[in-house]
2 protein chains.
Amino acid sequence: MGEKTPDDKTDQGDGLEPRDRADRHVRADARRNIDALLRAAMAVFATSGVEAPVREIAERAGVGVGTVYRHFPQRSDLIVAVFRNEVDACADAAPILARKHEPGEALALWMQRYVDFVTAKRGLAAALYSGNPAFETLPAYFNQRLRPALQTLLEAAAAAGEVRADIEPDDLLGAAASLAMPSHGGGPAQARRMVALLVDGLRYGASSPADTRS
Amino acid sequence: MGEKTPDDKTDQGDGLEPRDRADRHVRADARRNIDALLRAAMAVFATSGVEAPVREIAERAGVGVGTVYRHFPQRSDLIVAVFRNEVDACADAAPILARKHEPGEALALWMQRYVDFVTAKRGLAAALYSGNPAFETLPAYFNQRLRPALQTLLEAAAAAGEVRADIEPDDLLGAAASLAMPSHGGGPAQARRMVALLVDGLRYGASSPADTRS
DNA sequence: CTTGCAAACGGAACCTTGTTCCGGATATAT
DNA sequence: ATATATCCGGAACAAGGTTCCGTTTGCAAG
């Protein structure tokens with residue numbers, strides 16, 4: 001899983017800090033708590049949305065709030081860390097699926113995985129739109145990780161003649177995300193079905209791989 | 001608390017404002033305070049966004065918080081009231097502009113008015129996406145009031161041959177709103193300029209008023 | 001195995017913000 | 001002028017984010 005520590009310093013080259021090697025000592029208990037916190041936060045966010053109280057997360061992780069704030073100075077830092085963690089997991093699933101399935105099937109499975117990811121993100125949309133600058137880099141990270149992952153799957157499936165070749169990863173991600181948005185009423189089950197339909201749409205017309213309809 | 005009160009008054013016509021509240025006496029001081037609160041909230045929301053503290057609004061209106069909650073039982077009620085108020089003001093500006101200016105000019109001026117309105121709504125987007133049911137009727141109200149207003153202006157300008165006739169009010173509202181969204185980086189000045197460009201685009205190709213293509 | 005200490009821990013305390021409560025003020029009908 | 005339903009103000013309460021600080025602990029040097 002993610003080896004990236006949350007205090008992943010975005011070193012802007014401020015040479016003010018005292019000499020610390022990037023790998024300064026991170027005590028084992030600290031690492032353990034960070035892991036527990038990420039796991040707890042993931043679970044709580046999925047259940048109660050990203051606006052769940054910090055105390056609840058701390059309790060579930062079996063630590064005190066002080067420990068939360070030691071590793072995630074702001075509440076939003078925790079949210080960002082969990083989000084990046086999940087994006088990474090989703091992106092990393094792509095090569096794994098590609099190895100275990102036929103290209104078309106791998107694509108379909110990954111899209112479902114993606115739907116699950118989006119569905120679980122209740123309340124995140126509000127955070128993104130909140131104007132809080134802490135979140136403004138998230139969409140970029142989102143694209144940076146997921147687009148290449150999907151693109152690889154898409155190209156493999158297209159090369160195998162299993163899907164048409166004229167769709168862009170971004171279109172697909174956007175379409176699936178909007179289908180999965182809770183604002184569309186239908187539950188997660190409907191989202192999965194509609195996205196499956198979308199993927200079937202990709203398969204249609206792929207029978208003649210050389211058919212480039214200008 | 002689960003008791004479902006059976007006094008479901010047919011609060012029908014939620015699209016239009018409840019104009020005559022003559023059923024029960026509304027004391028003059030109360031009306032005055034409500035007005036002051038709406039004005040203060042409008043100013044504060046424009047400055048600090050819709051998440052400004054209730055106390056700040058109360059102070060600016062010169063009343064106690066108790067008075068705020070007497071008239072707006074929930075914070076979100078105040079936000080909704082201010083929003084509807086501003087939507088009404090924006091919509092009502094259309095006929096006034098139409099009376100004082102040439103059709104094309106009235107359209108251009110109203111679009112600028114609309115941009116100002118959208119620009120001032122910092123943080124409202126987040127509220128809309130928050131999942132709070134208190135806000136879910138707002139977009140409908142938005143459309144219900146603004147679309148006819150713009151449509152009238154548009155038709156008048158088209159009839160006068162000052163703009164092309166093949167654009168829908170909704171498209172224009174949506175486009176202008178997205179140009180004015182702060183997420184697009186450029187300040188309000190840029191938004192005004194881009195929307196002016198958009199309106200100029202409407203004028204282009206309108207030189208032959210009788211040209212009803214199709 | 002000690003020992004020293006920086007790092008980490010926990011959770012009470014503090015601050016801000018939404019909301020409720022209620023004693024006192026007051027507009028308005030009679 | 002009086003009665004009273006309505007309204008007002010702001011203290012008090014609840015909840016959540018964040019800080020503070022005394023205590024504990026991992027770990028490496030001796």
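Hydrogens, waters and symmetry mates play no part in the numbers below; they use all other heavy atoms, side chains included. Chain naming here is simple, since letters A, B, ... match the order of the sequence lines and numbering starts at 1 in each.
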Applying a 4.0 Å non-hydrogen cut-off, can you work out what B/V65 is touching in the nucleic acid: base, sugar-phosphate, or nothing? base
For B/R75, which contact category applies under a 4.0 Å heavy-atom criterion: base, sugar-phosphate, or nothing? sugar-phosphate
Answer with yes or no whether the side chains of B/Y141 and B/D88 bring together a donor and an acceptor at under 3.5 Å.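 There is such a pair (donor and acceptor under 3.5 Å, judged by atom type) between the side chains of B/D88 and B/Y141.
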Between D/dG17, D/dA12, D/dC7, spot the one nearest the side chain of A/P53, thanks.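 Output: D/dG17.
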Where the side chain of A/Q74 is defined as all heavy atoms beyond and including C-beta, which of C/dA8, D/dC8, D/dT18 is the nearest nucleotide? D/dT18
If you compare every side-chain N and O of [X] against the phosphate oxygens of [N] (OP1, OP2), does one of them come in below 4.0 Å?
X: B/H71; N: D/dC8; answer: yes
X: B/H25; N: D/dA5; answer: no
X: A/T67; N: C/dA8; answer: no
X: B/Y69; N: C/dT20; answer: no

With no angle test and no hydrogens, is the base of C/dA8 tied to the side chain of A/R27 by a donor-acceptor pair under 3.5 Å? no
D/dT6 base to B/R70 side chain: any donor-acceptor pair below 3.5 Å?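 No, the side chain and the base share no sub-3.5 Å donor-acceptor pair.
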Mind checking what makes side chain to side chain donor-acceptor pair (under 3.5 Å) contact with B/R27, not counting sequence neighbours?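 Side chain to side chain donor-acceptor pair (under 3.5 Å) check on B/R27 returns B/D29.
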